[in-house]
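What follows is one structure encoded as structure tokens, with my remarks underneath.
Small disclaimer: the values here were computed from a predicted structure and weren't measured. Order of the sequence lines fixes the chain letters, A, B, ..., with proteins taken first and strands second; residue numbering starts at 1 for each chain.
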There are 2 protein chains.
Amino acid sequence: MLKRSFESSGRTTEIHPPVSSPASTKDRILGAAEQLFAQRGFDGASLRQLTTAAGVNLAAVNYHFGSKEKLVEEVFRRRLDALNARRMEALARLGDEHPPTLEEVLDAYIRPALELSHDNHGSLFMRVLARAFAEHDDTLRQFLSENYGHVLRQFTAEFARLLPQLSKQELYWRIDLVTGALTHAMSGFGIIQRKSDVSEQSHREQTVQHLIRFAAAGLSHP
Amino acid sequence: MLKRSFESSGRTTEIHPPVSSPASTKDRILGAAEQLFAQRGFDGASLRQLTTAAGVNLAAVNYHFGSKEKLVEEVFRRRLDALNARRMEALARLGDEHPPTLEEVLDAYIRPALELSHDNHGSLFMRVLARAFAEHDDTLRQFLSENYGHVLRQFTAEFARLLPQLSKQELYWRIDLVTGALTHAMSGFGIIQRKSDVSEQSHREQTVQHLIRFAAAGLSHP
DNA sequence: TCTCTCGTCAAACGATCGTTTGCCGCAACA
DNA sequence: TGTTGCGGCAAACGATCGTTTGACGAGAGA
């Protein structure tokens, strides 16, 4: 019957994701979609598998999201809105006292992503993100560029200020390589085994430091 | 009717790929498959699109390769056999006179891949490879590990010898990050625009040096 | 109480998928 | 000159895909 448009899909009524105890149909779909998209890809996961896993009717996806493609976008939006907001906050907080160092800027970029990838379902989402990078789907790339391009531009400007010796072309090159390394690592290829004698938190801190030092070396080498 | 097994598929009669002027049906399929897999993914490219592009009958794929999955493997095998052979040759050639440097080992690993990615269809194949990394398809990963794992192990051993200060865990970590960066870059994300005033060859040489220095910095930073 | 909207549901739609079938023509070989 | 087997072809197979439909019940508002 009535189909709610993508832009007005309840974003005023519920600011934060699930919270409600049994989880709404929309949130159950989003959760199952994230998991199945990560495991089998956007095309590989069918709406029938997805709705069965979520315990909802097949038609629910088209009713609540309009189409499978819109569902994909919503999966991204739900995570990336929070992720990039935290990145921007962290970056803004840096300039308060002194000009930030390269490692501090990298920390602002990397730490929110790593915290997300250590969430309950966050690591699944990082795989989804890696898939999106590998698939040269223009529609999805345009969506990402339009909605979150300003974050990358802001960080790029910061890197350019910190690495004035690099030409624009060189800088873009290195940022691209760093992006590839981080995406690859955080999508779960990097088998970051936590030893049983270190806490979850200290392990994460070690990983953050590891990634930051690698990225800093790749960006600033002579 | 008769279906030739995967292992004996004419690898004795024609050592090198196409060469024959109008190209055999098998090679036309392989070429079209490489292109379409790169553009639309393994699932996204249908056998009908593929055989139409190749100018062959729909049934030809199952006749010559047995199944779509076997075709995927053959696409990989055709490129990776040559690629990894050249890598191993380059690595073996290094030890002749003096113990190799880190940059020389990286050169042996990177240069063959970059030359492939600048080939006619080679760059398409690097995209296929990036997709394979992103898709956590166990069958495909096992195939890659079984057939080309020894190459990665050989280079890893060389890196371990050159970077004795790193723990095993640290070394694996860094190799993984470098792998992600190189895969990402060479699959065509890195927009390596060649300026019109430099030759193709000198541009490639610059790119090789760029990647080597980035990888060396990431591997050996304190 | 009547009406209308919303969410859910089973069922079906047409399209497309990978694979299989049976037939045909050509070339090699006896 | 028959026979045999390989490769190509159109056509169809059953399965699965994303999407749409129409009916049904619960709940809010008049």
Spacing between [X] atom [atom1] and [N] atom [atom2], to the nearest angstrom:
| X | N | atom1 | atom2 | value |
| --- | --- | --- | --- | --- |
| A:L47 | D:dT16 | CG | P | 15 Å |
| B:K26 | D:dG7 | NZ | C1' | 13 Å |
| B:Y63 | D:dG7 | OH | P | 4 Å |
| A:K68 | D:dG18 | NZ | P | 4 Å |
| A:E69 | D:dC17 | CD | P | 18 Å |
| A:R40 | D:dG18 | CZ | C1' | 17 Å |
| B:I29 | C:dG18 | CD1 | P | 13 Å |
| B:K70 | C:dG18 | NZ | P | 17 Å |

*Ion pair present between B:E158 and B:R153, side-chain N to carboxylate O less than 4.0 angstrom?*
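No, this pair does not count.
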*If you measure from the Lys or Arg side-chain nitrogens to the Asp or Glu carboxylate oxygens, is any gap between B:E74 and B:K26 under 4.0 Å?*
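Looking at B:K26 together with B:E74, the answer is no, because their closest N to O distance does not fall below 4.0 Å.
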_Of residues 48-59 of chain A, the positions that come close to DNA chain D - non-hydrogen atoms, cut-off under 4.0 Å_ = A:R48, A:L58, A:A59
Residue-phosphate contact under 4.0 Å: [X] side-chain N/O, [N] OP1/OP2:
| X | N | answer |
| --- | --- | --- |
| B:H64 | D:dC6 | no |
| B:T25 | D:dG8 | yes |
| A:S46 | D:dC17 | yes |

*State, without any angle test, whether B:T179 and B:D176 hold a side-chain donor-acceptor pair at a distance under 3.5 Å.*
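Absent: no donor and acceptor within the cut-off.
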*asked:* Looking only at the side chains, is there a donor atom on one of A:Y63 and A:N57 sitting less than 3.5 Å from an acceptor on the other?
replied: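 Note: A:Y63 and A:N57 side chains miss the donor-acceptor criterion.
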_Steps toward side-chain contact (heavy atoms from CB on, under 4.5 Å) verdict (A:W173, B:T207)_ = CA-CA 10 Å; A:W173 235 129; B:T207 306; 3.9 Å; yes
*B:R174 side chain to B:L219 backbone, donor-acceptor under 3.5 Å*: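 Yes, because the side chain of B:R174 sits within donor-acceptor range (under 3.5 Å) of the backbone of B:L219.
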*Work out which heavy atom in B:L36 is nearest to a heavy atom in B:L50; give both atom names and the distance.*
CD1-CA, 3.4 Å
